[in-house]
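Read the structure below first, then the notes.
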Protein chains: 2
Amino acid sequence: MSGPTIYDVAREAGVATSTVSRAFSNPNRVGATTRERVFAVAAELGYRPNPHARALLSGRHHTVAMVVSDITNPHYFELIRGAEQRAKASEYTLVLVNVEESPRVEWDQVQRLVPAVDGFVLAASRLPDENLRQVAGQRPVVLISRELPDLASVVLDHVEGCRRVVEHLASLGHRDLVYLAGPRNSWMAATRWSALQAATEENGLTARRIGPFTPKVAQGPAAADGALNAGATAVVAHNDLLAIGVLQRLAQRGVRVPEDVSVVGFDNIFAADLCTPGLTTLGGVHADVGRVAMELLLDAAAPAGRPEEQPRVVLPTELVLRGSTGPVRAP
Amino acid sequence: MSGPTIYDVAREAGVATSTVSRAFSNPNRVGATTRERVFAVAAELGYRPNPHARALLSGRHHTVAMVVSDITNPHYFELIRGAEQRAKASEYTLVLVNVEESPRVEWDQVQRLVPAVDGFVLAASRLPDENLRQVAGQRPVVLISRELPDLASVVLDHVEGCRRVVEHLASLGHRDLVYLAGPRNSWMAATRWSALQAATEENGLTARRIGPFTPKVAQGPAAADGALNAGATAVVAHNDLLAIGVLQRLAQRGVRVPEDVSVVGFDNIFAADLCTPGLTTLGGVHADVGRVAMELLLDAAAPAGRPEEQPRVVLPTELVLRGSTGPVRAP
DNA sequence: GTGAAAGCGCTAACAT
DNA sequence: ATGTTAGCGCTTTCAC
C-alpha cells in the first residue's frame, strides 16, 4: 500500500538514510552530485516523504484547521476560499470543520484536532471566551468575526459600517430602526447591536432589537412578522440570509419594500444582488478576511515562534445600496 | 508544546504502555478496573493520542480529502456539507482542496496528499481518465459527477433528468434547443449534451450546442449573446450560475424571459429561487450526493479492504419549474 | 560532506 | 489480562 521509504532510496543511491533525509529537508547541506543522485533515484522510485513520520518527530504537521459555524451560509464560502488559497500557497493542508452553530460540536471537534494540526482559524466561533483561551493555550488561534483580548483576530469594521448604515437610513428620513438580532452567543450580533446603538444615538434616531433569530432564510417570516408588529419603518437584519427571508415574507404579506419598510442586511452575499428588490447590505471583501486570517495563523505557527503581540486586523466594509432601502413613508 | 504520552499515563497508572494503548484502541481487551484507572489518569493528565504516531504505524490516518473544482460555486457547498457531515460522524477528518478548474493544480494537490490521507472524493474532477486511474491505484477514490469504469462514483441521473427538461420544453411548444456547454474537460458537460441530444431526438426536437463556457455568472453575457445570435427560443445552460448570468444579460438587452426565450439551468442552487424570473432548473439532493460519496469512500477505506465491485450510485433528479420557462412565442 | 544510531508516540506480535 | 519489545519513516545529534 505505502510506497518506498528513504531506506529504499538510500540503498539504491548507495548513501545513508540521513543523506537522503538531508537532501530533502536541507538540500544545501549535501554535496551537489550526491544530491542529484538522490533526487534521481527518488524520482525513479516514486518516493514521497511520509508527512506523519515527519510530523511525529518535528511536532509540526503542515496542517491547519478552519472551523466555521455554518457552512451553508454563502458568506463563509469566500472566507474559506481565501483561507484555502493562502494555505495552499504555503503548502499547508486545510482541514475544514462545520459545527452547525453548536458550541458543543465545536469544542469536541477542536479538541479532537488539537494533536493533529498546527493551528486553528475559528470563524464566527460560538465558544465562550474561556474555551477560546484554552484552545489558544494549546495551539495558535486566529479568530474571524470575533475579538478577544490577547487573541489574534480579523474582523470587518462594523463600527464604521454600522454608522454608514444608520446615516444612510437617516438620510432617507427614518427616525427609528429595528435590529433583527443574530444568535445569542454570536459576537457579531452583539457587536452590530452596540454599533447600531452608538450610531443611532449619534444621529438622533432610536434603535430597538428583536430576536434572537437563527440567521437563515427560514427564520425570515418570524423576523418579518416581529418587525411589522413593532411598527418598524426600517429593519436591519443580522445577515443577508435573514434579510432575504424577511423580504420574501413581506412580499407575501403585501408589504411593499422600500415604500412601506426598508430592509438592510449584512455580508453582501451573491444572492443579495438577485432578489427583488435588490438588498442593500453592508459588505466587505470576505476572501481577504480569510486570506489575512490564514496569513496570521501561518505566521504564528511558523517555527520562529509567535510574537507576544497578537495582531488584531480590522478590514474596511462597504455599504452596497440597492432597491430595498428608500425614503420613509409619510407618517 | 506537545502533551503527555502513553508513557506518562502508564507510569502514573502503574501499568505498561501497551495496556494504555489497548485501553484506548481496544477497550474490552483490558480489565475493567485497570481501564478505569487508565482513563482516570489520562483525563487528569490531559492525555490525547497522537494521530501521527498512530498513522505512522497503522498506515491509516482517519483522514480523507475532498477535492472540488470550484469552491465558489454554491452547488459544491451542499456536496461538501453532506460529505463533511458523514466524515465527522465516523470521526474522520476532512481535508478540503479547491483546485479552481485547473487539472494541473488538481494533480499536484492530490499527489501531495496521497501519503497523508486514506482516500479521495473527487467532485467534478477535471483530470484525464488515466490520471484518475493512477490515483485510484494509490488510494481509494470516489468520483462525484463523473463516471469511469472500475471506479466508484455518485452522479445524478442526467439521462432521466435531461429527458424531463426536454419534455417540459417540448410541451411548451419549443422545437429547438441550444445548450450552453460547460468546460471542455467536464464529464458533466459531455453527459448533459449527449443526454439532451438523445432526448431531443426522442421528442422530435433539434439540439445545438455552443460554447464551451466557464460556468460562472460572468460568462453569462457571452453565452446569452451566442444563444440570441443562434436564434434560440429555449436555452439550457450548463449550470445555474451560467443561467443566471444569461438571465441578467437578456434583461439588459431587453429580451423577455420567458416570452421571447426560455431558460433552464442545472443544480437548483439557492439563488435560482431568488432571481427574476425564478429559474427553472434540474435539481437534486446534493447533500445526499456528498454523503453517499463519503460513505462509499469510508467503506472502501475500511480495514476490511475494498470489494472488487466498485459501486456506481445514480441518484434521482427533480425538475424544478419556475418562471424562466414558458410557451414558445408565435413564429 | 556523509554515516551511524538514537529516538518521536504509538501499536502489535509475542511472552507471561 | 498484562508486560516486553521491536519497529513504522523520518530527523537529528554526534562522530568521522
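Order of the sequence lines sets the chain letters (A, B, ...), proteins ahead of strands, with each chain counted from 1.
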Counting only side-chain heavy atoms from C-beta out, which of dG9(C), dG3(C), dT2(C) sits nearest to Asn50(B)?
dG9(C)
Gap between atoms CG and C1', on Leu56(B) and dT11(D) respectively (whole Å)
12 Å
For Arg35(A) and dT2(C), give me the distance from atom CZ to atom C1', rounded to whole Å.
14 Å
Can you name the atoms? Protein N/O to nucleotides 11-15 of chain C N/O, anything below 3.5 Å, with the distance.
{"unit_1": "dT11(C)", "atom_1": "OP1", "unit_2": "Arg54(B)", "atom_2": "NE", "d": "2.8"}
{"unit_1": "dT11(C)", "atom_1": "OP1", "unit_2": "Arg54(B)", "atom_2": "NH2", "d": "3.4"}
{"unit_1": "dT11(C)", "atom_1": "OP2", "unit_2": "Ser21(B)", "atom_2": "OG", "d": "2.6"}

Could you tell me how far apart Asp8(A) (CG) and dC8(D) (C1') are, to the nearest whole angstrom?
13 Å
How many whole angstroms separate atom CG of Asn26(A) from atom C1' of dT13(D)?
14 Å
Would you mind reading off the distance between Arg60(B) atom CZ and dC8(D) atom C1', rounded to a whole angstrom?
15 Å
Nucleotide dC10(C), atom P - distance to CZ of Arg11(B) in whole Å
13 Å
Of the listed dT2(C), dC10(C), dT2(D), the closest approach to the Val30(B) side chain comes from dT2(D)
Between the main-chain N or O of His62(B) and the side-chain N or O of Asp118(B), is there a donor-acceptor pair closer than 3.5 Å?
yes
Under 30°, 30 to 60°, or over 60°: which ring-plane class applies to Phe77(A) and Phe77(B), parallel, tilted or perpendicular?
parallel
For a quick test of your reading: what N or O donor-acceptor pairs under 3.5 Å do the side chains of residues 41-57 of chain A make, sequence neighbours left out?
{"unit_1": "Asn50(A)", "atom_1": "OD1", "unit_2": "His52(A)", "atom_2": "N", "d": "2.7"}
{"unit_1": "Asn50(A)", "atom_1": "OD1", "unit_2": "Ala53(A)", "atom_2": "N", "d": "3.2"}
{"unit_1": "His52(A)", "atom_1": "ND1", "unit_2": "His52(B)", "atom_2": "ND1", "d": "2.8"}

